[in-house]
Amino acid sequence: MIRRTTILAGLKNLFRTFPAVALLGARQVGKTTLAMEFAKRSAPRVTVFDLEDPAALARLSDPMLAFQDLEGLIVLD
């Protein structure tokens with residue numbers, strides 16, 4: 001496994017300043033892996049929406065309803 005401690009620390013700093021942070025990059029470079037590792041280490045409550053899952057997409061058709069009761073980190077993958 002690749003050690004990403006510097007990148008994870010950078011993400012933590014970004015979340016101290018901004019309510020939302022985007023991980024951008026080419027396909028297959030580890031964005032999902034990085035997001036899941038950050039979530040595992042940083043947040044006690046995490047909700048993940050896999051945007052390739054039709055059920056998650058349906059749930060997000062009404063974002064206010066989907067997000068209203070959620071607490072903690074929300075990952076849109």
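When the side chains of ILVMFWY residues are joined at heavy-atom separations under 4.5 Å, either directly or via intervening members, I74 and V48 end up in two distinct hydrophobic clusters. Hydrophobic clustering, with ILVMFWY side chains joined whenever heavy atoms are under 4.5 angstrom apart, keeps V29 apart from L34. Residues I7 and F18 share a single hydrophobic cluster, defined by chaining ILVMFWY side chains whose heavy atoms lie under 4.5 Å apart.
Judged by distance alone, the side chain of K31 and the main-chain N or O of G25 form a donor-acceptor pair under 3.5 Å. With hydrogens and angles disregarded, no donor-acceptor distance shorter than 3.5 Å links the side chain of S42 to the backbone of A39.
Closest approach of F38 to K12, counting heavy atoms only: CE1-N, 3.6 Å.
Residues L60 and L76 meet the side-chain proximity criterion, which asks for heavy atoms closer than 4.5 Å. Inter-residue side-chain proximity for E37 and L8 is flagged as met; some heavy-atom pair is nearer than 4.5 Å. Considering only heavy atoms from C-beta on, L11 stays 4.5 Å or farther from N13 through its side chain.
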Would M36 and V46 count as a side-chain contact (heavy atoms from CB on, under 4.5 Å) if you check the C-alpha gap in whole Å, the side-chain angles of each, and the deciding distance to 0.1 Å? CA-CA 9 Å; M36 295 305 129; V46 178; over 6 Å; no
From CA spacing to verdict: side-chain contact (heavy atoms from CB on, under 4.5 Å), L57, L51: CA-CA 6 Å; L57 285 176; L51 300 183; 4.1 Å; yes
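For D50, the side-chain contact (heavy atoms from CB on, under 4.5 Å) criterion is met by E52, D53, not counting sequence neighbours.
Across L65, L70, D69, a single residue satisfies side chain to side chain contact (heavy atoms under 4.5 Å, CB included) together with F67, and that is L70.
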